[in-house]
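Quick caveat, the model's predicted, so the values are computed rather than measured. Each chain gets a letter, A, B and so on, in the order the sequences are listed, and its residues count up from 1.
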Amino acid sequence: MTDVSPAARPAASVPLIVDGDRGPRPGSGTRVDEDLLAGLNPEQREAVTYRGQALLIVAGAGSGKTSVLTRRIASLLRNKEAWPSQILAITFTNKAAGEMRERVHQLVGDRSQGMWISTFHSACVRILRREAEQFGFTRSFTIYDSGDSRALVKRLVKEHEADAYGLTPSAVQGKISKLKNELADAESYARSANMNDPAERVFCDVFGAYQRELQRANAFDFDDLIAQTVYLFRAFPQVADVYRRRFRHILVDEYQDTNHSQYALIHELTRPPGSDGGPIAESGGMMIFDAPATEEAASLTVVGDSDQSIYAFRGADIRNISEFERDFPGAKVVLLEQNYRSTQNILSAANAVISHNFDRKDKRLWTDVGAGEKIVGFTGYSQHDEAQFVADEIEVLHKGGVPYDQMAVFYRTNSQSRALEEIFIRAAVPYKIMGGTKFYERAEIKDALAYLVAVANPADEMAMRRIINKPRRGIGDVTIETISRYAADEQITFRDALGNASDLGVGPKIQAAIAHLDAVLAEASDLMLPASGELPPPTAVAEGLQLLLTKSGYYDALRASRDPQDEARIENLDELVAVAREFARNNPEGTIVDFLTEVALVSDADDLEDASGSVSLMTMHTAKGLEYDAVFLTGVEEDLIPHRISAGEPGGPQEERRLFYVGVTRARKRLYLTLAMTRAQFGEVSVAMPSRFLQEIPSELLDWRQSPGDVNSRGGTQSRALNARRGSAGSGFGGSGSGRRYGDDLVPKSTSLEKFANRVPAKVRDNGDMELAPGDRIRHDDFGEGRIDAITGEGAKRVAHVRFEKVGMKKLLVKIAPIAKL
DNA sequence: CTCAACCAATTTTTT
DNA sequence: ATTGGTTGAG
């Protein structure tokens with residue numbers, strides 16, 4: 001807060017909101033080093049050099065916005081318009097933050113030290129840790145991830161018997177999250193709620209209890225991190241002023257995906273410092289007297305693209321960006337429409353699809369790199385068949401010179417990754433799944449972290465409850481409630497109650513177990529948080545973790561187990577210890593609290609290192625902001641993309657279309673759209689329909705290796721709708737088109753068709769009402785002869801369980817399988 | 001209190 | 001199909 005801005009000039013009688021385009025300040029903009037602007041188009045230059053109160057950069061997909069943003073920051077630093085510490089840049093993921101930090105560092109060197117480049121959540125944690133004592137928390141508070149808060153909600157729902165009113169834990173959790181994103185707390189919601197509705201009343205009770213439990217546990221959930229920071233700023237203007245004076249340049253990436261609380265946070269930070277007025281400001285202390293009565297608000301730069309808004313489901317409000325000019329009068333708007341990423345064919349497809357969203361501002365991406373390859377379509381018989389095509393095509397591309405890490409496979413839902421994974425393993429395609437079931441969400445990792453939390457934040461009863469009987473110590477629900485009640489009676493924490501094992505009135509065996517756990521926690525605490533106040537050694541976290549896992553008996557219990565999965569769990573724990581060591585190396589001063597913070601906020605810790613050399617698999621949401629030479633969009637089916645659940649929600653289908661658009665625009669040179677005719681879910685096989693988005697792509701852009709009509713017999717309607725062009729495939733590829741880059745062997749003229757002709761029925765087929773019964777013999781085009789074991793299902797979903805002589809048991813969809821009765 | 005067996009629900013996307 | 005939760009026996 002003592003930073004003095006080299007650019008700050010006492011602004012005489014500046015109104016609260018600066019009006020009009022004031023143009024570049026004298027001395028800035030003109031002196032930007034030319035190398036920062038090298039290779040930029042006029043709009044991009046403007047976005048880098050414009051100086052003013054508010055700037056909106058509307059950046060279409062692939063328009064070079066990251067480059068613009070980093071150069072903008074670099075130019076502020078180079079021209080000495082700002083110290084690093086005066087810059088706050090918000091990105092959507094930690095990974096993006098790391099990359100931006102790296103790129104700025106490349107441009108300006110060590111001058112970049114001290115900037116805050118982080119996610120909303122990380123930035124708020126930093127602020128909250130600093131200010132926690134102001135409002136009843138300690139700086140070692142715990143961060144609850146959604147799993148933690150679900151566990152808490154679950155307990156409270158049970159305690160309040162809220163399920164009797166039709167409130168499921170997940171519904172309650174979702175509603176609480178939504179309310180917090182709107183900055184509504186339990187009290188304010190209770191005032192506006194309809195209290196005649198008993199379900200509402202119970203919900204308010206649970207919400208209130210949930211918040212009290214968090215407070216008691218000295219914990220914040222994800223949503224609180226933002227919302228409580230806003231409350232903090234509103235309740236303590238002098239605290240807010242510290243940050244308003246400090247951050248003179250605020251930049252927010254992916255602005256279209258900000259929710260209301262994030263929007264409010266930005267507003268709080270961009271108010272002029274010292275302007276709050278009212279009684280509190282008078283008690284604000286000396287600073288008010290020292291500083292000019294009114295100072296300039298920080299400058300705000302936001303970057304976004306409303307066509308890429310895909311997080312409405314978690315409260316993102318597209319109006320934040322669409323009404324930016326109204327919120328910040330006089331804001332400058334720069335449009336970046338030239339795309340430097342994809343070929344024209346890919347862009348044309350993207351433009352065609354997104355133009356079906358009616359409530360958008362028309363924006364057309366263009367490029368000057370040429371048409372490029374056609375988009376390849378493929379329809380598999382099953383999800384495995386689809387996966388096989390993807391795996392084979394990846395190998396073809398790889399032989400043609402595309403590195404694995406320049407290819408990615410996207411899907412709508414995480415569950416779709418299974419089939420891909422199975423096939424990729426068999427085909428020996430190196431792959432890496434991004435996101436999904438995260439390392440830090442595995443049970444054993446959460447247990448280990450709960451041990452650490454129990455040390456770092458003894459007030460966190462959730463963590464204590466989690467570990468108290470892991471490994472098995474003979475402590476069940478009854479004993480836990482006994483301890484809990486004892487702690488309440490004695491006005492001490494659950495953790496401290498363990499120290500009085502003999503007072504609890506439990507059996508001697510359990511007493512001993514409790515005393516032992518208490519001793520282990522105390523020993524770890526001495527190691528990681530020495531009472532003497534001296535700084536623990538950097539290795540303390542890793543050693544403490546090791547100590548906890550060993551002396552608690554956790555490791556031993558896993559080793560003694562005969563469950564084969566427990567071996568993998570031990571490996572995971574070893575990896576966690578390794579992560580702690582690595583953390584110590586990078587942060588010699590890092591404490592246990594810092595470690596837990598990092599772990600709580602980093603989505604997938606290992607995504608930076610070993611993604612190289614592997615194909616990336618991820619959901620389309622995760623893909624935002626990334627780009628690859630070749631992209632496979634899989635499962636392009638109705639009910640998947642657009643997802644079935646989205647149909648019922650207002651704006652749902654449109655958001656799905658944006659999601660599809662995001663997926664398409666990730667591709668630089670090659671795009672594959674694949675689907676399957678049948679998909680198994682819940683162990684049931686069902687017939688899938690091609691996604692409507694396929695029909696929105698002009699047929700001349702698409703080259704079907706195998707169209708839905710090729711696979712599906714009732715192809716009449718579908719093939720018409722989907723521009724199936726069986727037989728004309730030869731014209732689309734195999735020639736010496738523009739795709740020279742990967743060599744001519746890249747696109748095998750007909751091999752892939754031949755290859756898959758074996759696997760997939762290449763001709764139109766409809767078995768209609770073929771009568772089959774157990775015991776019948778059949779012949780399958782691929783599998784040979786076999787005998788029917790059983791028939792299950794009804795109508796179009798009738799499934800034959802067939803024992804083949806050569807390949808064993810198979811399940812076949814009677815209606816479309818290439819089979820004949822013998 | 002623990003374990004085995006059975007049953008239900010699950011699959012939208014994430015910091 | 002998998003997983004988590006519940007139930008009842010030991």
Side-chain angles (χ1 to χ4, degrees), chain A residues 90-97 118-125 143-151 154 158 168-170 174 177 180-181 220-227 254 257-259 261-262 309-316 410-419 422 434-438 440-441 443 469 471-480 506-507 509-510 513 561 563 565 597-604 618-625 635 639-649 652-653 655-656 658-660 662-663 679-686 811:
Chain A
I90 301 288
T91 59
F92 198 68
T93 63
N94 291 291
K95 194 179 168 200
S118 66
T119 62
F120 272 108
H121 292 84
S122 300
C124 287
V125 169
I143 300 163
Y144 281 8
D145 67 18
S146 24
D148 299 326
S149 78
R150 188 177 57 233
K154 205 175 206 171
K158 200 174 241 174
T168 64
S170 74
S177 172
K180 286 186 174 183
N181 285 334
F220 296 101
D221 64 22
F222 273 147
D223 303 311
D224 274 346
L225 294 177
I226 316 287
E254 308 285 8
D257 282 325
T258 51
N259 62 32
S261 61
Q262 293 166 337
S309 164
I310 53 174
Y311 283 101
F313 72 90
R314 69 170 200 209
F410 301 157
Y411 35 80
R412 176 65 235 270
T413 68
N414 279 305
S415 60
Q416 292 168 247
S417 67
R418 291 236 171 151
E422 282 168 23
M434 320 286 278
T437 312
K438 284 167 210 140
Y440 292 108
E441 280 169 17
N469 200 32
R472 301 260 137 82
R473 301 186 171 91
I475 300 174
D477 287 345
V478 179
T479 311
I480 291 175
V506 296
K509 225 171 174 175
I510 294 177
S561 157
D563 183 340
Q565 289 197 325
T597 301
E598 177 155 313
V599 164
L601 294 178
V602 164
S603 44
D604 211 350
M618 68 189 84
T619 66
M620 290 155 103
H621 281 88
T622 309
K624 189 172 76 161
D639 290 351
L640 222 41
I641 175 81
H643 196 276
R644 176 195 310 224
I645 293 173
S646 74
E649 289 164 14
E655 175 145 321
E656 297 286 309
R658 291 195 292 270
L659 185 58
F660 186 79
V662 166
R679 194 163 289 274
Q681 47 186 0
F682 308 139
E684 289 275 292
V685 180
S686 54
K811 281 189 277 189

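Of the side-chain N and O atoms in A/Ser146, none sit less than 4.0 angstrom from OP1 or OP2 of B/dT14. In terms of phosphate contacts, A/His643 brings a side-chain nitrogen or oxygen within less than 4.0 Å of OP1 or OP2 of B/dT12. For B/dC3, the OP1/OP2 oxygens have a side-chain nitrogen or oxygen of A/Arg472 closer than 4.0 Å.
Within 4.0 Å (heavy atoms only), A/Lys624 reaches no atom of the nucleic acid at all. Using a 4.0 Å heavy-atom criterion, one finds that A/Phe120 contacts no nucleic acid atom at all. Residue A/Lys154 is in sugar-phosphate contact alone, with no base atom involved, counting any heavy-atom pair closer than 4.0 Å across all strands shown. If you check every strand for non-hydrogen atoms under 4.0 Å, A/Asn469 touches sugar and phosphate atoms only. Within the 4.0 angstrom heavy-atom criterion, no nucleotide atom of any strand lies near A/Ser122. Using a 4.0 Å heavy-atom distance criterion, A/Ile310 is classed as making no nucleic acid contact. No engagement by A/Arg644 is indicated, since no non-hydrogen atom pair under 4.0 Å with the nucleic acid exists. Backbone-only contact: A/Thr619 has heavy atoms under 4.0 Å from sugar-phosphate atoms and none from a base.
Without hydrogens or angle criteria, A/Asn469 side chain to A/Ile475 main chain gives a donor-acceptor distance under 3.5 Å. The backbone N or O of A/Ile310 lies less than 3.5 Å from a partner atom in the side chain of A/His621, making a donor-acceptor pair. A donor-acceptor contact shorter than 3.5 Å links the side chain of A/Arg658 to the backbone of A/Ser309.
Ion pairing of A/Asp257 with A/Lys624 is present here, as a side-chain N (NZ or NE/NH1/NH2) and a carboxylate O approach within less than 4.0 Å.
Side chain A/Arg412 to base B/dT12: a donor-acceptor pair is found below 3.5 Å.
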